[in-house]
Amino acid sequence: MLNVKGLYTEYASDRGQPVKAAQDVSFDVPEGKLFTLLGPSGCGKTTTLRSIAGLERPVAGEITVEGHVVYSSAKKTFVPPNQRHFGMVFQSYAIWPHMNVFQNAAFPLQVRSQRPSEKEIREKVMRVLSAVGLEDLADRDATRLSGGQQQRLALARAIAMEPRILLLDEPLSNLDAKLREKMRFELKRLQSEFKLTTVYVTHDQSEALALSHQIAVMNEGRIVQVGTPREIYESPRNRFVADFVGTSNFIDASVRTSLSGAGHYQVSSVLGELEVRSVDTLAAGDKAVIAIRPEDVSLSDQKPANGQNICQGRVEAKVFLGECVDFQVRVGETLLLARAHPSLRTPVGESIHVAMNPEKCIAIPNTGSKA
Ligand SMILES: Nc1ncnc2c1ncn2[C@@H]1O[C@H](COP(=O)(O)OP(=O)(O)OP(=O)(O)O)[C@@H](O)[C@H]1O
Ligand SMILES: [Mg+2]
């Protein structure tokens, strides 16, 4: 449906050197799916989205929609933004203050070259307004809406124009935590109800995990991993992804030998010999870093009867969070973060047993760089 290939977008900077905002960005979004660009501030998410919309002119690459080229450096094609028929909600959403709610949502349809009849416009607009829960406010001045309602109106307006593709840049960023979570569900429902092919931009990993069919994690202008939310969370391919999406412990190790069972290895580490899993093929002697999530570090007062990757440590600190307790456990020189059930009451200073499921210990080849 949407294909982005080898996209480079740069900005002129005041000091001569161009800002390389998007570098060799490639991805495909299938029809009706929600694809997320996730990454820290300044990594090039908005730039990529604006390049798709035609609001930035890339320096190289190709963008096609349903097989039609909307941008190609090789073919010298650049379809202007208003002819791409994409709906967009910006990071700082803008509703038109001099119009009421209905007029805001109807405007893109009214200015269309093949303008639908008044009756059709009314039907389409009222359908999306009721989908976002604003049908009763259709006649209200748009400025007299709460922040969350304005955000929903911006979304309704983008959907009402029946875009070929919906581009959303942090559309929930201006909402408080509660409303943001509620809108997450609404967005997901709207997206699947209207079968909207969507590119979604966020720096919020839980939003990305909750909403997306696929996620591309970006760092410094480049995509560093593409996968389903589960793949990104459970099998990060590099240290940046393991660190940015959720929290991970990192343990330096070197590979000793491969084990029976594809992708399983024995490594020696500061915690002793460990059995780990890797998506990459590793060889004996390779340096690697083992990433393990705090919720996958199991703690117990009693020594586990059997199992792999067991060691002993001491509770250095703990924080009670209600539904769980975060423990800092020192094993030798290493400090491990572990998330445990509140029933575990081991006091600070006491010794504790640590077990790490080999399936959850992800070996990432240590290439020396942090990316
Ligand atoms: N108009 C511009 N002129 C020059 N540099 C720009 C311009 N817009 C963005 N940049 C730079 O390009 C890089 C990528 O910016 P971009 O807005 O794409 O980041 P982002 O991932 O959307 O970040 P955020 O999460 O903060 O919105 C940054 O280094 C930014 O400073
Ligand atoms: Mg941005």
Side-chain angles (χ1 to χ4, degrees), residues 1-2 29-36 49 53 82 84-202 204 206-208 210-213:
M1 169 72 185
L2 170 69
V29 187
E31 173 108 52
K33 299 292 184 199
L34 190 146
F35 186 92
T36 295
L49 204 70
N82 59 352
R84 295 190 186 189
H85 303 296
F86 298 167
M88 189 150 179
V89 176
F90 293 96
Q91 203 160 359
S92 54
Y93 58 91
I95 46 135
W96 291 302
H98 51 284
M99 295 182 188
N100 69 24
V101 169
F102 180 88
Q103 290 161 337
N104 256 280
F107 187 72
L109 290 172
Q110 285 163 340
V111 298
R112 204 185 258 181
S113 51
Q114 284 158 347
R115 184 186 162 155
S117 72
E118 281 303 321
K119 180 164 171 288
E120 265 179 280
I121 291 180
R122 174 151 284 276
E123 278 170 12
K124 283 183 201 297
V125 168
M126 288 315 291
R127 173 149 183 255
V128 274
L129 285 182
S130 64
V132 300
L134 289 178
E135 73 272 34
D136 295 337
L137 301 180
D139 299 324
R140 186 179 286 188
D141 276 350
T143 45
R144 291 176 48 234
L145 296 176
S146 74
Q149 288 166 338
Q150 290 188 21
Q151 198 118 48
R152 279 185 273 163
L153 175 56
L155 203 58
R157 186 176 60 191
I159 296 172
M161 63 180 277
E162 295 169 338
R164 287 200 285 178
I165 293 179
L166 188 59
L167 304 174
L168 302 176
D169 193 352
E170 313 241 7
L172 309 184
S173 57
N174 294 307
L175 305 181
D176 65 53
K178 264 253 153 61
L179 194 54
R180 194 155 60 221
E181 246 169 63
K182 182 161 166 271
M183 279 298 288
R184 243 183 236 171
F185 286 106
E186 289 191 24
L187 236 176
K188 200 167 170 132
R189 183 177 56 76
L190 286 171
Q191 190 269 331
S192 62
E193 184 180 330
F194 289 85
K195 297 191 176 50
L196 292 162
T197 307
T198 306
V199 184
Y200 192 93
V201 160
T202 183
D204 181 332
S206 53
E207 206 167 285
L211 280 173
S212 319
H213 294 102

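Atom set for the values below is all heavy atoms of this structure, side chains included, hydrogens, waters and symmetry mates excluded. Index from 1, following the sequence.
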Taking atom [atom1] of [X] and atom [atom2] of [Y], what is their separation to the nearest 0.5 Å?
{"X": "Ile159", "Y": "Lys124", "atom1": "CD1", "atom2": "NZ", "answer": "13.5 Å"}
{"X": "Thr197", "Y": "Glu31", "atom1": "OG1", "atom2": "CD", "answer": "4.5 Å"}
{"X": "Glu181", "Y": "Glu207", "atom1": "CD", "atom2": "CD", "answer": "10.0 Å"}
{"X": "Thr198", "Y": "Leu168", "atom1": "OG1", "atom2": "CG", "answer": "6.0 Å"}
{"X": "Glu186", "Y": "Leu155", "atom1": "CD", "atom2": "CG", "answer": "9.0 Å"}
{"X": "Lys33", "Y": "Ser192", "atom1": "NZ", "atom2": "OG", "answer": "10.0 Å"}

- Query: Would you say the side-chain atoms of Tyr200 and Glu170 include a donor-acceptor pair closer than 3.5 Å?
  - Reply: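 There is no such pair (donor and acceptor under 3.5 Å, judged by atom type) between the side chains of Tyr200 and Glu170.
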- Task: Apply the test side chain to side chain contact (heavy atoms under 4.5 Å, CB included) to residues Arg84 and Ile165: give CA-CA distance (whole Å), side-chain angles for both, the deciding distance (0.1 Å), then the verdict.
- Result: CA-CA 9 Å; Arg84 295 190 186 189; Ile165 293 179; over 6 Å; no
- Item | Pairs flagged by salt bridge (Lys or Arg N to Asp or Glu O under 4.0 Å) wherever residues 138-147 is involved - sequence neighbours left out |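 Sorted result for residues 138-147: empty, none.
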- Query: Under 3.5 Å, side chain of Arg152 to main-chain N/O of Val132, donor-acceptor pair present?
  - Reply: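 Yes.
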- Between the main-chain N or O of Gln149 and the side-chain N or O of Ser146, is there a donor-acceptor pair closer than 3.5 Å?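 Yes, because the side chain of Ser146 sits within donor-acceptor range (under 3.5 Å) of the backbone of Gln149.
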- Could Arg127 and Glu123 be called an ion pair, given the rule that one side-chain N must be under 4.0 Å from one carboxylate O?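 A salt bridge is absent here (no side-chain N lies under 4.0 Å from a carboxylate O).
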Shortest non-hydrogen contact between [X] and [Y], atoms and distance:
{"X": "Pro163", "Y": "Ala158", "result": "CD-O, 3.3 Å"}
{"X": "Arg157", "Y": "Asn104", "result": "CD-O, 3.1 Å"}
{"X": "Leu129", "Y": "Ala156", "result": "CD2-CB, 4.1 Å"}
{"X": "Phe194", "Y": "Ala131", "result": "CE1-CB, 4.1 Å"}
{"X": "Ala53", "Y": "Leu167", "result": "CB-CD1, 3.6 Å"}
{"X": "Pro108", "Y": "Met161", "result": "CB-CB, 4.0 Å"}

- Go through the steps for Glu118 and Arg122 under the test salt bridge (charged side-chain N to carboxylate O under 4.0 Å, His left out), then give the verdict. CA-CA 6 Å; Glu118 281 303 321; Arg122 174 151 284 276; over 6 Å; no
- Please lay out, stage by stage, how Leu196 and Leu190 fare under the test side chain to side chain contact (heavy atoms under 4.5 Å, CB included). CA-CA 8 Å; Leu196 292 162; Leu190 286 171; 5.6 Å; no
- Message: Please evaluate residues Thr202 and Asp204 with respect to the criterion side chain to side chain donor-acceptor pair (under 3.5 Å), reporting the C-alpha separation (whole Å), side-chain torsions for both, the decisive distance (0.1 Å), and the verdict.
- Response: CA-CA 5 Å; Thr202 183; Asp204 181 332; 5.2 Å; no
- Message: Is it the case that atom CZ in Arg184 sees more than 12 heavy atoms from other parts of the structure closer than 6.0 Å?
- Response: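 Correct, the count exceeds 12.
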